[in-house]
Amino acid sequence: MLDVLKKRRAIRQFESREVERSKIDMLLEAATYAPNDRMREPWHFYILQGASLKDYQKVALKYLQNRFPTKPHLVESSMATITNTPLIIVVTSAVVAGDEGATKDNSFAVSSAIMSMWLMAEHVGLGMVWRTRGVGLVHDTELHSFIGATKEEQLVGTLCIGYPAKDITTPKKRTPFTEKTTWL
Ligand SMILES: Cc1cc2nc3c(=O)[nH]c(=O)nc-3n(C[C@H](O)[C@H](O)[C@H](O)COP(=O)(O)O)c2cc1C
């Protein structure tokens, strides 16, 4: 298990070939087995491929051009990260009106679901990166409205998925757990 966890990496460069429907279904099924408080199963998945993915790229381009009007190179390099991605899955978490604790627990559950998807992706030969910033558009309103999410949903992750353009399996250096642990 530790070996599998160490080999999981954020993959940002993909081959152009499409991801098979059967593999997408496997990722989604893996997600649904994540732990979640009171079985609220607070996740929802929006699949972007083909035409819808192209439309998302237009939304992202407009957002970047508005945000960085004087930095065309930044816009270009940010766009390159999603134009080479054959599949994007946007994952939302349910907001529980008037219950901040339950809403937070829902995002924790959705984060667990995303991790399951990440590990499943690697298991079936795919690569993935969980994006929130920049073109990830998780913290902005544009993607929320583009996918047609309701106000009872909040975005948690924009998952860029595809066949890895190169094999990256060496772990990034981590701080030893001993430095992150307090034994009480
Ligand atoms: C909540 C979250 C948000 C992230 N957002 C981004 C992002 O916006 N852009 C990006 O390139 N990577 C993003 N990442 C991926 C991290 O940069 C990556 O996981 C980290 O550098 C560790 O590398 P590794 O996953 O290869 O071990 C995000 C990861 C998480 C968990």
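Positions are given from 1 along the sequence. Whatever order the structure lists them in is the order used to number ligands and atoms, beginning at 1. Basis for what follows: all heavy atoms, side chains included, without hydrogens, waters or symmetry-related copies.
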(message) Just checking His144 against Phe146, ring centres under 6.0 Å apart?
(response) no
(message) Distance under 4.0 Å to a non-hydrogen atom of Arg174: what atoms of ligand 1 satisfy this?
(response) 27 (O)
(request) Return the residue, atom name and 0.1 Å-rounded distance of the protein heavy atom closest to atom 11 (O) of ligand 1. (result) Arg12 NE, 2.8 Å
(message) Could you check whether atom NE2 of His123 has more than 12 heavy atoms from other residues, nucleotides or ligands sitting under 6.0 Å from it?
(response) no
(request) If you have a sec, work out which protein heavy atom is nearest atom 26 (O) of ligand 1 and how many Å separate them, to one decimal? (result) Arg9 NE, 2.5 Å
(message) Looking only at protein heavy atoms, which one is nearest to atom 31 (C) of ligand 1, and what is the separation?
(response) Trp130 CE3, 3.6 Å
(request) Would you check the N or O atoms of Val129, main chain and side chain alike, for any that come under 3.5 Å of an N or O of ligand 1? (result) no
(message) Students should be able to answer this: which protein heavy-atom is nearest to atom 7 (C) of ligand 1, and at what distance?
(response) Arg133 NH2, 3.3 Å
(request) Determine, stepwise, if the pair Lys6 / Asp3 fulfils salt bridge (charged side-chain N to carboxylate O under 4.0 Å, His left out). (result) CA-CA 5 Å; Lys6 282 184 177 177; Asp3 194 42; over 6 Å; no
(message) I'd like to know if the side chain of Thr150 reaches the main chain of Glu152, judged simply by a donor and an acceptor atom lying under 3.5 Å from each other, with no hydrogens or angles considered.
(response) yes
(request) Distance to 0.1 Å, residue and atom name: give those for the protein heavy atom nearest to atom 27 (O) of ligand 1. (result) Arg8 NH2, 3.0 Å
(request) Report yes or no: do Tyr163 and Lys23 form a side-chain donor-acceptor pair below 3.5 Å? (result) yes
(request) Can you pull out the closest protein heavy atom to atom 19 (O) of ligand 1? Residue, atom name and distance to 0.1 Å, please. (result) Trp118 CH2, 3.9 Å
(request) Look only at the side chain of Asn36 and the backbone of Ala34, and say whether a donor-acceptor pair between them is shorter than 3.5 Å. (result) yes
(request) Look at the side chain of Trp118 and the backbone N and O of Arg9, then say whether any donor-acceptor pair between them is shorter than 3.5 Å. (result) yes
(message) Students should be able to answer this: which protein heavy-atom is nearest to atom 21 (O) of ligand 1, and at what distance?
(response) Lys172 NZ, 2.7 Å
